Undergrad: 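Provided herewith is a single structure, encoded as C-alpha cells, for subsequent inquiry.
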Amino acid sequence: MNPLFNKLQPYPFERLRALLDGVTPNPALAPVNLSIGEPKHPTPALVTDALVGALGGLAAYPPTAGSEALRDAIAGWLRRRYGLAQLDPARQVLPINGSREALFAFAQTVVDGRADALVVLPNPFYQIYEGAALLAGATPYYVEQAADNGFRCDWRSVPEAVWRRTQLLYVCSPANPTGAVMPLEEWRLLFELSDRFGFAIASDECYSEIYFDEASPPLGALQAAQALGRADYRRVIAFTSLSKRSNVPGMRSGFVAGDAELIRPFLLYRTYHGSAMSLSVAAASVAAWGDEAHVQDNRSQYRAKFDALEPLLAGVLRTSRPQAGFYFWAGVPGGDDTAFVRELYRQYNVLTLPGSYLARETGGRNPGRGLIRLALVEPLAQCVEGATRIRRFVEDRRPNP
Ligand SMILES: Cc1ncc(COP(=O)(O)O)c(C=O)c1O
C-alpha cells in the first residue's frame, strides 16, 4: 500500500458518525438534517431534458478535453459572469467531473515531489485540499480564517520560509464553511506572493453562484486577475461547479479555467487518469451554463431561508448572514461544539456538523472549535423547524435568572 494513505485524516462525516454512535435521537421528533452541504432544490427540467435527449452520447468515448460546444458554452458563461475579455476556450478551459475530483487531481499535477514541498490551505477548509496535498507527497500548511479578521486568512502571518517551499495554494471563495468572499486587495497580495515565490493558486469557486444581492455577485479569481492586469491568468486556475449552482450534485459537472500553462499538464494528467466527462452529461451541462433563470430562482430560495432563520438564531447562536454560500457558521454557547452537536441531536433530533471537524489545530488552537456549521439545503419549512428547535435547545440550557 502507498504509505501516504496513513496520513489521511478521517472525513468530517465519518467523525460525526462516530460522535453520534450509540446516541438515540428523540423519537418524538422527525429528523432534521442541517449537517451536509448537498443541494436539495429540484434539478431544473431544462437540465434533465437535455440529459435525456443526449443519452445517445453513452455510446461513445468522450474526449478528455471535452467537446468544443461545451468549452464554448463554459467560456461564454465566464465572459458573461466575470466580464473576461480574453479567454481561449481551447487552451484555457477544461471540463471536470465536479470540482472535488479536479481539486484533488490538480495537486497531483503541480506538486513536483520534492521532499520539503508545502501546500498552503485555509483553516477551516474543505478536506479534499488536505488529502490532495498529502497524496501528492507534500505537507499541508494551514492558515487560520479567524472570526476577528472577518474569517479572512491572514496571509501576512505566513513566514517567508514557508512561501519559499510552497508549490500550491488552495483558496475557497465564497468559503465553505465561513461564507467569506475574497476582495480584490486580497487577490493582489496573493498574486504578488505567487509572482515572488512561483506557486500556483487553485481557486475553489463552487459556491460562486449562491449569494444574496443580485447586483453584486462574488468576485472570481480570473476576474480579479483581469482587473489587476493579468489577463493571461498566470499561475491561477479557477474551479467552478454546476452542483450547487444548478442543483445537480449527482451529475458531476464543472470546469477549470485559467492559465494555459497549468491547464496543458492538467489535461495530460487527466488523459492518463481517465477523467473525461460523459457526452450526455456534457450536453446537459451546455444547457445549464446557458440559463440563468433557474440560478436566480435557486438564489431566491436560499435567500428566503436566511431571511427566516436569521431572527430565529439571533441571540442563541453567535452568527450572522454569510457574505455568500448556504451555510451558517455559528458559535455555540459554552464553546464545546461536539457536545452541542451530540446533545442537540439527542434531545431535538437535529443534525449539525461540529466546526472543529472542519479544521486542524495549529499553535494549540482549532479555529473551528466552538462553532457549528448549518447547511440550509432542506426545504424552508424544515430549516425553520431545525432553527426553532435549536433556539429551544439553547434556551432550555440557559441557567434560570
Ligand atoms: C468547498 C467545496 N469545494 C468543492 C466541493 C465539491 O463539489 P462538487 O464536486 O460537487 O463540484 C464542495 C462540496 O461540497 C465544497 O464544499
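Here, residue 1 is the first one in the sequence, and each next residue gets the next number. Read the numbers this way: they start at 1 and go in the same order the structure lists the ligands and their atoms. All figures in this text were calculated on a predicted structure; none of them were measured in a lab.
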Undergrad: Between R270 and T64, does any side-chain donor sit less than 3.5 Å from a side-chain acceptor?
TA: no
Undergrad: With a 4.0 Å cut-off on heavy atoms, is E38 in contact with ligand 1?
TA: no
Undergrad: Tell me the contacting part of R252 for ligand 1: side chain, backbone, both, or neither, using a 4.0 Å heavy-atom threshold, strictly below.
TA: side chain
Undergrad: Are any of the N or O atoms of Y207 closer than 3.5 Å to those of ligand 1?
TA: yes
Undergrad: Given the ring of Y233, does R230 sit roughly above its face, with NZ or CZ under 6.0 Å from the centre of the six-membered ring and within 45° of the axis?
TA: no
Undergrad: Out of S241, G250, P177, who gets a non-hydrogen atom closest to atom 11 (O) of ligand 1?
TA: S241
Undergrad: Got the closest protein heavy atom to atom 13 (C) of ligand 1, with its distance?
TA: K244 NZ, 3.1 Å
Undergrad: Would you say the side-chain atoms of Y142 and E130 include a donor-acceptor pair closer than 3.5 Å?
TA: yes
Undergrad: How far is atom 10 (O) of ligand 1 from its nearest protein heavy atom, and which residue and atom name does that atom have?
TA: S243 OG, 2.6 Å
Undergrad: Please check if the distance between the ring centroids of F239 and F106 is under 6.0 Å.
TA: yes
Undergrad: Nearest protein heavy atom to atom 7 (O) of ligand 1, by residue and atom, and its distance?
TA: S99 OG, 3.3 Å
Undergrad: Give the atom numbers and elements of ligand 1 that come within less than 4.0 Å of a heavy atom of G98.
TA: 9 (O), 11 (O)
Undergrad: Around atom 1 (C) of ligand 1, find the nearest protein heavy atom and jot down its residue, atom name and distance.
TA: D204 OD2, 3.3 Å
Undergrad: Would you mind running through ligand 1 and noting each atom that sits below 4.0 Å from a heavy atom of C172?
TA: 1 (C)
Undergrad: Taking the non-hydrogen atoms of C206, is any one of them nearer than 4.0 angstrom to ligand 1?
TA: yes
Undergrad: Within the structure, does Y129 bring an N/O atom to less than 3.5 angstrom of an N/O atom in ligand 1?
TA: no
Undergrad: Mark yes or no: R299 above the aromatic ring of Y211, with NZ or CZ under 6.0 Å from the six-membered ring centre and no more than 45 degrees from the axis.
TA: yes
Undergrad: Compute the minimum heavy-atom distance from L242 to ligand 1 and say whether it is under 4.0 Å.
TA: no
Undergrad: Indicate whether the side chain of D337 and that of S356 have a donor and an acceptor atom separated by less than 3.5 Å.
TA: yes
Undergrad: A quick test of your reading: do over 12 heavy atoms of other residues, nucleotides or ligands sit less than 6.0 Å from CZ of R392?
TA: yes
Undergrad: Would R373 count as a cation-pi partner of F328, with NZ or CZ less than 6.0 Å from the six-membered ring centre and within 45° of the ring normal?
TA: no
Undergrad: Using heavy atoms and a 4.0 Å limit, tell me yes or no: is F125 in contact with ligand 1?
TA: no
Undergrad: Quick test of your reading of the model: are E160 and R196 salt-bridged, counting only N-O distances below 4.0 Å?
TA: yes
